[in-house]
Colleague: 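Got a structure here, written out as structure tokens. Questions coming.
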Amino acid sequence: MPRYRFRDVRRFGPVQVATYTDRHGREAHTAACTAPGCGWSADYADRSAAELAATAHRCSPR
């Protein structure tokens with residue numbers, strides 16, 4: 001399993017958005033919620049899509 005090096009990490013409430021290079025050498029963006037018990041994350045091809053998802057995310061941790 002490859003190790004990803006995240007760069008340009010920003011926080012939008014409990015969600016962190018970061019840029020990384022995927023296993024195919026393409027630039028990708030991820031958004032992940034850091035709230036305890038939430039577990040939501042998603043990958044995007046566009047930085048703006050990841051930031052939009054981060055601002056729109058509403059978690060309901062259990």
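Side chains included, hydrogens not; waters and symmetry mates left out as well; all remaining heavy atoms used.
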Colleague: Is there a donor-acceptor pair closer than 3.5 Å between any side-chain N or O of Thr34 and the backbone N or O of Pro14?
Modeller: yes
Colleague: Quick check: closest heavy atoms across Ala54 and Val15, and the distance to 0.1 Å?
Modeller: CB-CG1, 3.5 Å
Colleague: Do the ring planes of Phe6 and Tyr20 sit parallel (below 30°), tilted (30 to 60°) or perpendicular (above 60°)?
Modeller: perpendicular
Colleague: So which heavy atom on Tyr44 is nearest to which on Ala53, and how close?
Modeller: OH-CB, 3.1 Å
Colleague: Could you walk me through whether Thr19 and Arg10 pass the side chain to side chain contact (heavy atoms under 4.5 Å, CB included) test, one step at a time?
Modeller: CA-CA 10 Å; Thr19 302; Arg10 292 194 185 147; over 6 Å; no
Colleague: Which atoms form the tightest heavy-atom contact between Ala31 and Val17, and what is the distance?
Modeller: CB-CG2, 4.2 Å
Colleague: Has Thr30 got a side-chain atom pairing as donor or acceptor with Ala42's backbone, closer than 3.5 angstrom?
Modeller: yes
Colleague: When rounded to the nearest 0.5 angstrom, what distance separates CZ in Arg58 from SG in Cys33?
Modeller: 10.5 Å
Colleague: Before you tell me yes or no, could you show the steps for Glu51 and His29 under side chain to side chain contact (heavy atoms under 4.5 Å, CB included), namely the whole-Å CA-CA distance, both residues' side-chain angles and the distance that decides it to 0.1 Å?
Modeller: CA-CA 9 Å; Glu51 291 181 1; His29 311 278; over 6 Å; no
